[in-house]
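What follows is a single structure, written as structure tokens, with notes after it.
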2 protein chains.
Amino acid sequence: MKDSKKRKSGVTSIKDIASEAGVAISTVSNVINETRFVADSTKEKVLDAIEKLNYRPNIIARGLRIKSTRAIGVILPDISSSFFSQVIYGIEEIARQRDYTMILGCTNFDYREEVKIANKLIDSFIDGLIFFSGFDNYEFIKKIYDRNIPIVVIDKALGDSEIPTVVIDNTAAVENCVDYLCSYNHKKICYVTFTGDNQTTVRQRYEGYLSGLKKNGIDFDPDLVLMSEEMRLNETASSYRIVKEFLKKGKLPTAFLTVADVFAYGVLRALFEEGFKVPEDISVMGFDNILFSQFTRPLLTTLKQQKRVMGNIAMNLLVDIIEGREVEDKTIIVPTSIVERESVSFARKK
Amino acid sequence: MKDSKKRKSGVTSIKDIASEAGVAISTVSNVINETRFVADSTKEKVLDAIEKLNYRPNIIARGLRIKSTRAIGVILPDISSSFFSQVIYGIEEIARQRDYTMILGCTNFDYREEVKIANKLIDSFIDGLIFFSGFDNYEFIKKIYDRNIPIVVIDKALGDSEIPTVVIDNTAAVENCVDYLCSYNHKKICYVTFTGDNQTTVRQRYEGYLSGLKKNGIDFDPDLVLMSEEMRLNETASSYRIVKEFLKKGKLPTAFLTVADVFAYGVLRALFEEGFKVPEDISVMGFDNILFSQFTRPLLTTLKQQKRVMGNIAMNLLVDIIEGREVEDKTIIVPTSIVERESVSFARKK
DNA sequence: GTGAAAGCGCTAACAC
DNA sequence: GTGTTAGCGCTTTCAC
């Protein structure tokens with residue numbers, strides 16, 4: 001292991017460059033940041049020294065002074081979800097474009113982790129935060145907001161017009177799904193969802209289911225709601241298991257509407273194993289339109305969320321806030337649409 | 001917006017606590033870090049002040065002194081991939097356990113991004129790095145390693161026994177797959193892969209295909225290799241398109257072996273649309289065993305990588321290195337196995 | 001048991 | 001056009 005002559009902290013600092021180049025430390029800083037004019041000859045000496053000593057400025061030390069690191073944090077419950085990762089992709093695009101670094105903090109749907117990670121990021125080096133929360137934690141978010149930390153909340157209506165938010169209209173979206181199904185004559189629509197005690201988004205979707213039924217003159221049947229917390233962790237596997245059991249009870253719906261595509265996959269599998277043909281016997285409709293829904297058998301009809309666009313918007317909003325630009329609209333509602341593929345058709349006659 | 005009396009940098013610092021509690025800065029530091037004994041009465045005053053001013057120590061400033069932030073960086077090509085996200089999960093488990101924060105940097109398979117993000121993390125606040133590379137960039141990794149930055153490389157054999165690495169034996173694994181297929185009498189095995197010009201892992205798997213054929217006395221037929229760079233970005237969609245075209249040419253294999261499960265999904269779909277039954281007419285075998293392979297039709301027979309375990313091992317290794325523990329084995333090979341499901345059966349008679 | 005002060009690597013105001 | 005120096009928020013010697 002070869003050691004340099006000087007080894008204060010193991011890493012070359014601006015000071016080393018200054019002495020190597022025989023100039024003042026501020027001069028080095030100035031050539032690095034192009035923050036004031038430096039004579040070409042001096043500049044060259046500095047650049048040479050940097051090259052020679054393989055120097056890289058310490059962003060953190062800079063951040064300590066400058067109070068900005070051009071890094072933003074994204075808190076989310078679960079990276080393995082295709083929905084999240086698509087949104088992330090949208091965030092990243094803008095990060096790159098506007099020269100920020102994106103830091104991901106993943107909470108695995110654990111509320112304490114959420115608080116812990118958010119705090120850790122805030123305490124450290126982050127200029128702002130994008131918050132996908134798994135929970136109803138308005139208080140916590142509000143507290144961050146009140147500390148004047150730039151934040152935008154995504155995929156979760158907060159009911160606070162002050163806090164910047166990017167969402168879809170969940171209730172209307174599910175209502176549209178119900179309308180769509182009804183236009184194919186479905187009257188027995190089984191709704192598959194996780195429990196929403198703790199999650200606005202899930203609750204709003206459920207309301208959409210309810211109001212959709214009402215609007216279409218269908219009586220609500222509690223037996224046709226498959227709601228379980230278990231589905232949170234093992235999404236597809238649980239919906240598969242639950243639907244399979246449900247089918248054995250013999251009370252058949254004409255269609256399944258699921259709160260997410262991943263559940264629809266489980267439904268599809270259960271239906272197949274129990275000998276039902278989709279959509280001839282029973283229709284299935286998803287929600288999200290994640291990538292894989294283009295490869296199921298049959299191809300999945302679903303509600304499309306513009307995930308990448310949501311990420312773009314959220315990140316642009318956040319950076320605007322960080323950089324002090326005027327933000328007119330703080331709550332942004334991204335439109336959704338239905339993608340018609342193969343898994344929904346007319347309800348079988350009784 | 002309510003302002004505090006003092007608003008130097010907008011955030012309360014250790015100094016504020018010291019003056020609020022009427023003690024020295026160092027005392028505050030000492031109670032926070034429990035780094036030397038402080039009288040109970042003093043301690044209480046400090047704690048009260050912290051509570052009252054809602055103070056949180058600035059990890060970065062600490063890091064600047066201490067040269068450690070207990071954060072590690074993970075560089076990876078693509079978060080949306082199920083394979084990566086499972087490994088990440090394994091990394092995270094250990095991070096939590098050993099009290100580190102995991103920072104994710106995503107490169108979208110862009111080499112310059114890879115360099116840029118890695119450097120940015122290193123220059124900043126990271127204690128170590130886990131590197132999933134999309135590329136053959138031994139030089140770059142070596143340079144990081146030589147800078148004495150704790151690093152472990154995952155999913156990529158480097159051929160340098162010095163640099164800590166967690167991998168599977170790709171060649172042997174694919175060879176096993178070929179053996180397995182041969183045990184079902186397959187002699188025309190079509191191999192679906194992206195190009196490996198730039199990626200050791202992909203190349204090694206291809207070698208496994210070749211050596212597997214040889215070992216089983218099968219002549220190599222170049223027409224049976226579907227190799228394309230296009231599949232990198234649109235994995236499933238591309239494999240679907242390519243296989244569909246291939247099938248129309250009429251030269252039929254008895255089995256498809258794909259370099260990743262995501263490709264197998266495309267193959268499955270193409271086969272279905274072209275009227276082939278799997279596995280009766282043609283068998284399909286994947287590689288990775290990602291979650292979704294339990295829900296395809298038919299269920300996918302595939303080679304299982306222990307993704308979470310790989311993450312666990314890599315992170316433990318990294319933390320051991322960071323904390324200066326002695327590491328005996330620097331190259332760790334994680335075993336693989338074949339998961340038999342429904343998509344492979346005996347080759348049809350010619 | 002506690003305080004004063006130096007210093008981590010950097011920027012920016014102020015000098016000249 | 002360049003140098004000196006204070007200070008960002010923190011830890012850690014060294015005093016007392």
Side-chain angles (χ1 to χ4, degrees), chain A residues 6-47 49-50 53-71 120 122-127, chain B residues 6-47 49-50 53-71 120 122-127:
Chain A
K6 243 180 195 170
R7 191 170 247 291
K8 255 185 166 160
S9 71
V11 96
T12 61
S13 82
I14 197 170
K15 216 181 281 182
D16 301 321
I17 302 303
S19 68
E20 174 75 26
V23 300
I25 145 182
S26 60
T27 302
V28 178
S29 172
N30 285 137
V31 353
I32 291 171
N33 302 302
E34 306 192 326
T35 157
R36 75 183 181 193
F37 189 78
V38 175
D40 281 353
S41 60
T42 322
K43 193 185 275 182
E44 204 170 324
K45 280 190 292 183
V46 172
L47 261 14
I50 290 179
L53 269 52
N54 192 20
Y55 167 71
R56 334 204 72 246
N58 180 321
I59 300 186
I60 283 308
R62 168 187 290 153
L64 190 56
R65 280 249 33 170
I66 235 47
K67 303 246 170 276
S68 160
T69 51
R70 296 194 84 77
K120 190 154 181 181
I122 294 170
D123 295 343
S124 323
F125 37 76
I126 243 60
D127 288 353
Chain B
K6 243 180 196 172
R7 192 172 244 294
K8 256 185 166 161
S9 71
V11 97
T12 62
S13 82
I14 198 171
K15 214 181 284 183
D16 302 321
I17 302 301
S19 69
E20 174 75 26
V23 300
I25 285 185
S26 59
T27 302
V28 178
S29 172
N30 286 138
V31 354
I32 291 171
N33 302 303
E34 307 191 324
T35 158
R36 74 183 182 196
F37 190 79
V38 176
D40 281 352
S41 60
T42 323
K43 192 184 273 181
E44 204 170 324
K45 279 191 292 183
V46 172
L47 261 14
I50 289 179
L53 270 51
N54 191 22
Y55 168 72
R56 335 202 72 247
N58 181 320
I59 300 185
I60 284 309
R62 167 186 292 153
L64 190 57
R65 281 249 33 171
I66 236 48
K67 305 247 169 274
S68 159
T69 52
R70 297 195 84 77
K120 190 155 181 180
I122 295 170
D123 295 343
S124 322
F125 37 76
I126 243 58
D127 287 353

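Residue numbers start from 1 in every chain, and the chains themselves are labelled A, B, ... in the order their sequence lines are given, proteins ahead of strands.
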Degree of bending, the helix from dG1(C)-dC16(D) to dC16(C)-dG1(D) (end axes from five pairs; round to 10°): 50°

Looking at side-chain heavy atoms only, is the closest gap between Ile50(B) and Ile32(B) below 4.5 Å? yes

Toward the 5' end of DNA chain C, by each residue's nearest nucleotide, Val28(A) or Phe37(B): Phe37(B)

Sugar-phosphate, base or nothing in reach of Ile25(B), heavy atoms under 4.0 Å: base

Reading DNA chain D from 5' onward, which residue's closest nucleotide shows up sooner: Ala61(B) or Val23(A)? Val23(A)

Give me the distances for all protein-to-nucleotides 14-16 of chain C N/O pairs that come in under 3.5 Å?
residue	atom	partner	partner atom	Å
dC14(C)	N4	Arg36(A)	NH1	3.2

Touch check for Asn33(A), heavy atoms < 4.0 angstrom, all strands: base, sugar-phosphate only, or nothing? sugar-phosphate

dC10(C) P sits how many Å from Ile60(B) CD1, rounded? 14 Å

Lys15(A) has a side chain; which of dG9(D), dC10(C), dC8(C) sits nearest to it? dC8(C)

Residues Ser29(A), Ile25(A); criterion side-chain contact (heavy atoms from CB on, under 4.5 Å); working and verdict: CA-CA 6 Å; Ser29(A) 172; Ile25(A) 145 182; 5.8 Å; no

Asn30(B) CG to dT2(C) P: how many Å, rounded? 10 Å

Taking the side chain as everything from C-beta on, heavy atoms only, tell me whether Ile126(A) gets closer than 4.5 Å to Thr69(A). no

Are any non-hydrogen side-chain atoms of Glu20(A) and Thr12(A) less than 4.5 angstrom apart? no

Atom CD1 of Ile14(A) and atom C1' of dG7(C): how far apart are they, to the nearest Å? 16 Å

Candidates dT2(D), dT2(C), dC10(D) - which lies nearest the side chain of Thr42(B): dT2(C)

Mind checking the CD1-CZ spacing from Ile60(A) to Arg62(A)? Nearest 0.5 Å is all I need. 10.5 Å

Arg65(A) has an atom CZ; how far is it from atom P of dC10(D), in whole Å? 15 Å

Can you check the Asp16(B) CG to dC10(D) P distance for me, whole Å? 9 Å

Distance check needed: dG1(D) P versus Glu44(A) CD, whole Å only. 16 Å

d(NZ, Lys45(B); P, dG1(C)) in whole Å: 15 Å

If you take all heavy atoms of Ala24(B) and Ala18(B), which pair is closest and at what distance? C-CB, 4.0 Å

For dT12(D), does the base pair up with any side-chain atom of Ser29(B) as donor and acceptor (N or O, under 3.5 Å, distance only)? no

Can you tell me if Lys67(A) touches the phosphate of dG9(D), counting only side-chain N or O atoms and a distance under 4.0 Å to OP1 or OP2? yes

What is the distance from CD1 of Ile32(A) to C1' of dG9(C), rounded to the nearest Å? 11 Å

Mind checking the OG-CD1 spacing from Ser26(B) to Ile14(B)? Nearest 0.5 Å is all I need. 8.5 Å

Stepwise side-chain contact (heavy atoms from CB on, under 4.5 Å) check, Lys67(A) with Asp127(A): CA-CA 8 Å; Lys67(A) 303 246 170 276; Asp127(A) 288 353; over 6 Å; no

For Asn58(B) and Ser13(B): C-alpha separation, side-chain torsions, deciding distance, then whether side-chain contact (heavy atoms from CB on, under 4.5 Å) applies. CA-CA 8 Å; Asn58(B) 181 320; Ser13(B) 82; over 6 Å; no

Looking at OG1 of Thr35(A) and CG of Asn30(A), how far apart are the two atoms once the value is rounded to the nearest 0.5 Å? 5.0 Å

Students often get this wrong, so: under 4.0 angstrom with heavy atoms, is Thr27(B) touching a base, only sugar-phosphate, or nothing? sugar-phosphate

Is any side-chain nitrogen or oxygen of Lys43(A) closer than 4.0 Å to OP1 or OP2 of dG1(D)? no

For Ile66(B), report the nucleic acid contact type (base, sugar-phosphate, nothing); a contact means any heavy atom under 4.0 Å. sugar-phosphate

At 4.0 Å (heavy atoms only), tell me whether Ile59(B) reaches a base, stays on the sugar-phosphate, or touches nothing. nothing

Mapping Asp40(B) and Leu64(B) to their closest nucleotides on DNA chain C, which lands nearer the 5' end? Asp40(B)

Donor-acceptor pair under 3.5 Å, Ser26(B) side chain vs dA5(C) base: no

Look up atom CD1 in Ile122(A) and atom CD1 in Ile59(B), then write down how far apart they are to the nearest 0.5 Å. 10.5 Å

Side chain of Ala24(B): nearest nucleotide among dG9(C), dA4(C), dC10(D)? dA4(C)

